[in-house]
Every structure is written in C-alpha cells, then in structure tokens.
Trainee: 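Got a structure for you, written out below as structure tokens; questions coming shortly.
Remember, predicted model here, so these are calculated numbers, not experimental data. For the single chain, residues carry numbers from 1 onward in sequence order.
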Amino acid sequence: MSEILIYSTAACPYCVAAKNFLASRGLAYDEVRVDRDRTEFETMLRRGGGRRTVPQIFIHDRHVGGYDDLVKLHRNGELDSWLTHTP
C-alpha cells in the first residue's frame with residue numbers, strides 16, 4: 001500500500017487535479033472510489049472528520065484534506081516532511 005491515499009469519484013475535476021499533481025512529482029498513491037462503494041464513502045466520512053467532498057487525501061494515515069489543502073502543503077514547503085515522517 002502507498003503512503004498516499006485518495007478517496008475520489010469518477011466525475012471529480014479536483015480528484016483528477018490531485019492525481020495529476022502527485023504524478024507530476026513522481027509520487028505514487030492508492031485510490032479508493034467512493035462512488036462505487038457506499039461502505040468506502042462511510043469510511044471516508046469517518047476518517048475525514050465528516051467531510052463529504054472529494055478528494056479526501058491522506059498521507060501516512062494523516063488527513064491532508066482536499067486538493068487545495070495538498071497544494072497549500074506543497075507551497076508552504078511542508079509536503080516533503082509529511083511524506084518522510086510518519087505520525
């Protein structure tokens with residue numbers, strides 16, 4: 001399993017943007033499609049503090065948030081530390 005997990009749906013432009021962002025940096029991720037499995041959607045809600053929007057991104061089981069949150073981590077220079085340090 002990858003250190004990055006993305007909960008997503010098929011028709012989500014922010015999900016595509018997040019996956020493209022990670023791929024452009026050579027970062028592998030696992031994807032869970034919540035539009036295919038209601039149980040996974042419920043898991044996403046529980047893990048993401050009730051956030052219903054996608055993507056919901058986790059690094060080492062630590063909740064990042066959505067695409068904007070991921071990019072903010074990168075711009076603030078914090079993404080690398082999240083990737084190298086497990087909580």
Side-chain angles (χ1 to χ4, degrees):
M1 182 179 231
S2 174
E3 60 197 26
I4 303 171
L5 177 67
I6 300 177
Y7 289 95
S8 69
T9 63
C12 167
Y14 288 102
C15 298
V16 172
K19 293 183 284 186
N20 287 340
F21 175 85
L22 294 169
S24 73
R25 283 151 184 77
L27 298 170
Y29 58 86
D30 290 321
E31 180 179 13
V32 175
R33 291 271 307 273
V34 298
D35 55 341
R36 292 182 178 167
D37 186 339
R38 182 69 184 178
T39 304
E40 293 293 355
F41 181 77
E42 297 296 331
T43 300
M44 180 191 80
L45 287 176
R46 180 181 44 77
R47 293 186 70 203
R51 291 177 80 175
R52 304 180 72 78
T53 58
V54 288
Q56 289 301 313
I57 304 163
F58 292 81
I59 298 176
H60 294 297
D61 289 324
R62 186 174 172 192
H63 188 224
V64 172
Y67 170 71
D68 291 337
D69 301 306
L70 178 66
V71 172
K72 183 178 176 183
L73 274 180
H74 171 69
R75 287 187 180 149
N76 290 341
E78 298 175 48
L79 181 58
D80 287 338
S81 70
W82 278 52
L83 292 166
T84 57
H85 296 92
T86 57

Trainee: To the closest 0.5 Å, what do you measure between CG (Leu83) and CD (Glu78)?
Mentor: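 Between Leu83 CG and Glu78 CD, I get 12.0 Å after rounding to 0.5 Å.
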Trainee: With sequence neighbours left out, what residues match Asp80 under salt bridge (charged side-chain N to carboxylate O under 4.0 Å, His left out)?
Mentor: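 Checked Asp80 against salt bridge (charged side-chain N to carboxylate O under 4.0 Å, His left out); zero matches.
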Trainee: Enumerate donor-acceptor pairs with a distance under 3.5 Å from any side-chain N or O in residues 40-48 to protein atoms, sequence neighbours excluded.
Mentor:
{"from": "Glu42", "atom 1": "OE2", "to": "Arg38", "atom 2": "NE", "distance (Å)": "3.2"}
{"from": "Glu42", "atom 1": "OE2", "to": "Arg38", "atom 2": "NH2", "distance (Å)": "3.0"}
{"from": "Thr43", "atom 1": "OG1", "to": "Thr39", "atom 2": "O", "distance (Å)": "3.1"}
{"from": "Arg47", "atom 1": "NH1", "to": "Tyr7", "atom 2": "OH", "distance (Å)": "3.1"}
{"from": "Arg47", "atom 1": "NH2", "to": "Asp61", "atom 2": "OD1", "distance (Å)": "3.0"}

Trainee: Are Leu79 and Val71 connected into the same hydrophobic cluster when the rule is that any two of I, L, V, M, F, W, Y join if their side-chain heavy atoms are below 4.5 Å apart?
Mentor: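 Yes: a chain of side-chain contacts under 4.5 Å links Val71 to Leu79.
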Trainee: Which residue pairs pass the salt bridge (charged side-chain N to carboxylate O under 4.0 Å, His left out) test when at least one of the two sits in residues 9-29, sequence neighbours left out?
Mentor: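 Found Lys19-Glu31.
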Trainee: Can you list every salt bridge (charged side-chain N to carboxylate O under 4.0 Å, His left out) pair that touches residues 63-76, not counting sequence neighbours?
Mentor: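 Every pair satisfying salt bridge (charged side-chain N to carboxylate O under 4.0 Å, His left out) with a residue in residues 63-76: Arg51-Asp69.
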Trainee: For Ile59 and Trp82, which heavy atoms make the closest approach, and how far apart are they?
Mentor: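 Smallest interatomic distance, heavy atoms only, reads CG2-O, 3.4 Å.
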Trainee: Just to verify, what does Thr9 make a side-chain contact (heavy atoms from CB on, under 4.5 Å) with, not counting sequence neighbours?
Mentor: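 Applying side-chain contact (heavy atoms from CB on, under 4.5 Å) to Thr9 gives Cys12, Val34, Asp35, Val54.
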Trainee: For residues 17-37, which residue pairs pass the ring-ring contact (aromatic ring centres under 6.0 Å, His included) check, not counting sequence neighbours?
Mentor: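 Sorted pair list: Phe21-His74.
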Trainee: Does the side chain of Ile4 come within less than 4.5 Å of Val64's, by heavy atoms?
Mentor: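 Not in contact.
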Trainee: If you take all heavy atoms of Tyr67 and Pro55, which pair is closest and at what distance?
Mentor: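 Answer, listing the atom of Tyr67 first, then Pro55: N-CG, 3.8 Å.
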